[in-house]
Amino acid sequence: MTRGQSKTEGSPAPHSAVATELEGRWLVVVLNDPVNLMSYVVLVFKKVFGFDESTARKHMLEVHERGRSVVWSGVREKAEAYAFTLQQWHLTAVLEHEDAA
Amino acid sequence: MKRIEVKLALPVVAPLLDVIRELASGLRGELAAPLGPSDLDAEFAAAWTSELLEAQTADVAALLAMFNEEFFAEGVIAFDEDNAEQIVRATAAVRLRLRELHLKTLGDEMLESGNVELERLDDPVRKAFMCYLFLATIQELIIQHLDSSILES
């Protein structure tokens, strides 16, 4: 998290577009749980993805009401890094290939 | 540095610490939120889990450290920019564990709404639920007052 996590943020590297084309896109999906507070989930989304308040709330409500929200998509390696960070914050995150979604 | 001090009722909170300590011990060996289904290879998943467990253990230690001599002497706990992030994560971990081990009988709907009749609960479940609410209150306080330091760290 914190500074280390910034590795997963920012502008994509030039090779990312090619890699995405070759491998297809991976989705980071957050699943609902009955425990974590809405305010906590919003905080985590803002912290991990740099979302503004309204985007973070939109995803939080999607998780709450639909049971899941796709919070990021792109290359596999970066998707894994995001899933790891979400897990560190105790949100349940899974990776799905876009073809399987 | 921004610092929040909270005065707690010692006779009410001290017994809840036993519950938190017991759960903290289990959280050294098991993730609060198990890994979701994935196609990670076994070796990678094991390394991933081990790193998560290490971080989780450090977070929970920071939560327990809040209940120090000052707490037992005066009933005061304190959060600041240094421990806010770890404590907010640790409260999530312990709450997930509470649900897993002690509160499943309440049902998820009741847990989400918080609409629970305390007097109808057995003693251990009541104590676990009080602990669950107490940790939520700590988490809310930190998010209300120290969210910017967490976001900027």
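All values below come from the heavy atoms of this structure, side chains included, with hydrogens, waters and symmetry mates left out. Each chain gets a letter, A, B and so on, in the order its sequence line appears, and its residues count up from 1.
- Most heavy-atom pairs under 4.5 Å with chain B: of the set A:Gln87, A:His64, A:Lys46, this distinction falls to A:Gln87.
- Distance OG1/A:Thr92 to CG/B:Leu96: 7.5 Å, rounded to 0.5 Å.
- Heavy atoms of other residues, nucleotides or ligands lying less than 6.0 angstrom from CD of B:Glu69 number 12 at most.
- Top candidate by heavy-atom pairs under 4.5 Å with chain A, chosen from B:Ala55, B:Ala136, B:Ala93, is B:Ala93.
- For the atom pair A:Phe84 CZ and B:Thr49 OG1, the distance stands at 9.0 Å (nearest 0.5 Å).
- Residues B:Leu121 and B:Leu98 share a hydrophobic cluster, clusters being chains of Ile/Leu/Val/Met/Phe/Trp/Tyr side chains in contact below 4.5 Å.
- Within a 6.0 Å radius of CD in B:Glu70, other residues, nucleotides and ligands contribute more than 12 heavy atoms.
- Contacts between B:Arg95 and chain A at a heavy-atom distance below 4.5 Å involve backbone atoms as well as side-chain atoms.
- Both B:Leu118 and B:Phe134 belong to a common hydrophobic cluster when Ile, Leu, Val, Met, Phe, Trp and Tyr are linked at side-chain heavy-atom distances under 4.5 angstrom.
- Of the atoms belonging to B:Gln139, it is side-chain heavy atoms, and not backbone ones, that fall under 4.5 Å from chain A.
- Hydrophobic cluster membership differs between B:Val76 and B:Ile20, with clusters built from Ile, Leu, Val, Met, Phe, Trp and Tyr side chains linked at under 4.5 angstrom.
- Both B:Met66 and B:Leu23 belong to a common hydrophobic cluster when Ile, Leu, Val, Met, Phe, Trp and Tyr are linked at side-chain heavy-atom distances under 4.5 angstrom.
- The heavy-atom pair separating B:Trp48 from A:Glu80 by the smallest distance is CH2-O, 3.3 Å.
- In terms of heavy atoms, B:Arg89 sits closest to A:His90 at O-CD2, 3.2 Å.
- Atom CZ of A:Arg57 has 12 or fewer heavy atoms from other residues, nucleotides or ligands within 6.0 Å.
- Each side-chain hydrogen bond (donor to acceptor under 3.5 Å, both in side chains) pair with one or both residues in residues 17-26 of chain B, not counting sequence neighbours, would appear here, but there are none.
- Among B:Leu103, B:Leu111, B:Val88, B:Asp147, the residue with the largest count of heavy-atom pairs under 4.5 Å with chain A is B:Val88.
- Counting non-hydrogen atoms of other residues, nucleotides and ligands closer than 6.0 Å to CD of B:Glu54 gives a total of 12 or fewer.
- Only the side chain of B:Ile143 has a heavy atom closer than 4.5 Å to any heavy atom of chain A.
- No more than 12 heavy atoms of other residues, nucleotides or ligands shown are found within 6.0 angstrom of CD on B:Glu43.
- A continuous path of ILVMFWY side-chain contacts below 4.5 Å connects A:Leu61 to A:Val44, so both sit in one hydrophobic cluster.
- Among the residues in residues 32-42 of chain A, those with a non-hydrogen atom closer than 4.5 angstrom to a non-hydrogen atom of chain B are A:Asn32, A:Asp33, A:Pro34, A:Val35, A:Asn36, A:Leu37, A:Ser39, A:Tyr40.
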